[in-house]
Amino acid sequence: MWWDGGHVYAVDSNQGAFSVSEVLASLWSIDRERVHIRAEHVGGGFGGKGACGPQVILGSMASERFGRPVRVVMTRAQVFEATASRPPTDQLVRMGADADGRLRAIHHRPAYALSPLAEYIEWCTEQAKILYAAPAIRTQLTAVPLDILPPASMRGPGATPGSFALESAIDEVAERLDIDPLELRLRNQPTVGPVSGLPFSSRRLVSCLREGARRFGWAARDRRPRARREGPLLIGSGMASTSFSAGVFPSTASITAEADGTFTVSIGASDIGTGARTALTAVAADALGVGTERIRIRIGDSDLGMAWGAGGSRGTTSWSFAITEAAGKLRESMGGPARPVTATVDTTTMIDYQPGRERQTFSAVFAAVAVDPATGEVRVRRLLGMFAVGRVINPLLARSQVIGGMIMGLSMALHEESVRDPRTGRQTNGDFAGYHFAAHADVPDVEADFVPDYEPQDPSGFNGLGEIGTAGTAAAIANAVWHATGTRQRILPIRLDRVLEPADPGEPDAA
């Protein structure tokens, strides 16, 4: 970071350069135009870099104090403390159903940790209002103040922990009623928003469920737990469905028709490893009716104007909306030979924040596991996910992103756990030795695909897909562990000690 002529400059790793510039401008009481944030290469975010980080604030203070450029370098432990993660939750789900499997009531009541240093709400209850039809649905959120560093968004905020509780409960209802879990879900699909009463803009969840079940071979599954063995291993399979809210937020975009016949597209987007440059190049080329080789993309700079950050599964849709509108305006003004010609659009006034329809993405995830009851080890052998996310811009990028999300859900289910010191509230395993996450050896046969879908509220039919891959995966794995062992796992991660079974005295190796 450095100061020059009353302007502050920073090269940072964040999910939204424009929003970071707004925060820094407010802190220094200067015009936003005097703050210049570049974040062209982020290196991953997942929500943890969605806000102005302390390194930017401290760097700007140090640079101003010493009158020279400053580089902030953090240790691994400091990264864990400076980059927030999702808060712990304690969730209660109660359900009532008729004997034929028709849900009559759903009550979802989560409590989540809240830091006194910053307000953050973990919306765990949203899927209870969307996924299943029931005459009575009640949701409650309780914030529990704790002396901890502020939690924040982590991939699939709210929906990921919320779906674990809700989809585990749905499976328990199926178990009690002796109904196939897939059939129970199909039997309770709503025709309109169960709580809002609004029609769905697009709802292809049934297609995800049926196609996923077909590819997975769900029909051959024996519903009884502990029914299948391979030597000492218990084999099980499970599933979960989920949704994630979709939509767009305001952004500005500029497109310049250059004298050489190329087009320069400028938008304050962020590429956090999702291939935003590639996707937005395709969107611009399609909107302008030219080949991708004639498109140049400029992103990751607050000087490019206001733009939504990479978060909430709304980055690509918000940026694409602005680019499409700017392309339309440019084509209208390109009648003469003069070049360069620039068109700029701000979509703020074009967005309907209350569109009168439920706009969601949907998924169905299927999992197969092998459990060793003597050691407590759970190995996921197969994951399959079917997704309905509107029109897919780039199938390769989209598939890679949801596969990455599913692996992150696997990591949440079996590995990831923040351990805190009860005296200080600080994380005690802030390193890669104590904080475990999935490695290559833990990643099984993973398959992901998309059902045909189109979002009518978007001019190009797009919806976001960044977080739908993670939400639902942990529940599918936990339901598979129940099918293998006959024991419900209600706490994540599913550690060895939580699965370990006492030795059978009749077994030859029993002590």
Side-chain angles (χ1 to χ4, degrees), residues 1-85 117-118 149-150 152-153 249-256 264-277 280 296-311 315 318-319 322 340 342 344 346 430-431:
M1 297 198 66
W2 67 97
W3 287 80
D4 186 7
H7 291 240
V8 59
Y9 299 82
V11 177
D12 186 35
S13 175
N14 61 62
Q15 294 176 229
F18 186 84
S19 62
V20 172
S21 72
E22 288 185 308
V23 172
L24 212 57
S26 177
L27 290 173
W28 283 101
S29 298
I30 60 178
D31 293 337
R32 197 214 61 80
E33 289 73 17
R34 294 168 62 188
V35 180
H36 313 273
I37 306 294
R38 293 208 334 258
E40 294 187 47
H41 307 286
V42 180
F46 310 109
K49 299 177 184 178
C52 182
Q55 73 280 359
V56 178
I57 299 169
L58 294 173
S60 68
M61 294 171 64
S63 178
E64 196 275 340
R65 171 66 177 82
F66 296 110
R68 54 171 292 177
V70 170
R71 174 180 291 176
V72 178
V73 179
M74 293 183 285
T75 66
R76 179 65 65 191
Q78 289 171 337
V79 170
F80 270 82
E81 293 187 345
T83 305
S85 61
L117 301 177
L149 291 171
S153 297
F249 283 123
S251 293
T252 57
S254 294
I255 305 179
T256 300
T264 301
V265 180
S266 302
I267 187 166
S270 300
D271 194 333
I272 56 174
T274 56
R277 287 179 175 85
L280 297 181
R296 288 196 295 260
I297 291 284
R298 297 177 61 216
I299 65 171
D301 192 327
S302 63
D303 289 348
L304 298 178
M306 179 271 295
W308 177 249
S318 300
W319 307 324
T342 300
T344 300
D346 182 340
D431 54 62

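Ser21 has its side chain out of reach of His36: every pair of non-hydrogen atoms, C-beta onward, lies at least 4.5 Å apart. Two residues are said to be in side-chain contact when any heavy atoms from C-beta on lie closer than 4.5 Å; Met1 and Val8 meet this criterion. Under the 4.5 Å side-chain criterion, counting only non-hydrogen atoms from C-beta, Cys52 is not in contact with Asn14. Inter-residue side-chain proximity for Leu24 and Val56 is flagged as met; some heavy-atom pair is nearer than 4.5 Å. In this structure, the side chains of Asp12 and Gln55 come closer than 4.5 Å at one or more pairs of heavy atoms. Side-chain atoms of Leu304 and Ile267, non-hydrogen and from C-beta on, never get closer than 4.5 Å to each other. Contact of the Asp346 side chain with the Thr344 side chain is not registered, since no non-hydrogen atoms from C-beta on lie closer than 4.5 Å. With a 4.5 Å cut-off on side-chain heavy atoms, Thr264 and Arg298 count as touching.
At distances below 3.5 Å, not a single donor-acceptor pair connects side-chain atoms of Trp308 with backbone N or O atoms of Ala269. At distances below 3.5 Å, at least one donor-acceptor pair connects side-chain atoms of Gln78 with backbone N or O atoms of Thr75. Put simply, the side chain of Ser63 gets close to the backbone of Arg68: a donor and an acceptor are under 3.5 Å apart. Ser19 places a side-chain N or O within donor-acceptor distance of the main-chain N or O of Gly16, the cut-off being under 3.5 Å. When atom types are taken as modelled, the side chain of Ser153 and the backbone of Gly47 share no donor-acceptor pair closer than 3.5 angstrom. Judged by distance alone, with hydrogens and angles left aside, the side-chain atoms of Gln15 form no donor-acceptor pair with the main-chain N or O of Ser270 at under 3.5 Å.
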Would you check, one step at a time, whether the test side-chain contact (heavy atoms from CB on, under 4.5 Å) holds for Leu149 with Glu81?
-> CA-CA 7 Å; Leu149 291 171; Glu81 293 187 345; 3.9 Å; yes
Which is it for Ile57 and Leu27 under the side-chain contact (heavy atoms from CB on, under 4.5 Å) test, yes or no, and what are the steps along the way?
-> CA-CA 8 Å; Ile57 299 169; Leu27 290 173; 3.7 Å; yes
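Within a 6.0 Å radius of CZ in Arg32, more than 12 heavy atoms belonging to other residues, nucleotides or ligands are found. The 12-atom threshold is not exceeded at CZ of Arg71, counting heavy atoms of other residues, nucleotides or ligands nearer than 6.0 Å. Crowding of Met61 atom CE: a count of heavy atoms from other residues, nucleotides or ligands under 6.0 Å not exceeding 12.
When all heavy atoms of Pro54 and Ala82 are compared, the pair lying nearest together is CG-CB, 3.8 Å. Counting all heavy atoms, side chain and backbone alike, Thr342 lies closest to Ser254 at CG2-CB, 4.4 Å. The shortest heavy-atom contact between Pro150 and Ala84 is O-CB, 3.3 Å.
A salt bridge is defined here as a Lys NZ or Arg NE, NH1 or NH2 lying under 4.0 Å from an Asp or Glu carboxylate O, and Asp271 with Arg277 meets this definition.
No side-chain donor-acceptor contact under 3.5 Å links Thr83 and Lys49.
Take Glu33 and apply the salt bridge (Lys or Arg N to Asp or Glu O under 4.0 Å) test, not counting sequence neighbours, and it matches no residue.
Taking OG of Ser60 as the reference point, atom CZ of Arg65 lies at 14.0 Å (rounded to 0.5 Å).
A ring pair (Phe, Tyr, Trp, His ring centres under 6.0 Å) with Trp3 is found for one member of Trp28, Tyr9, Phe66 and no other, namely Trp28.
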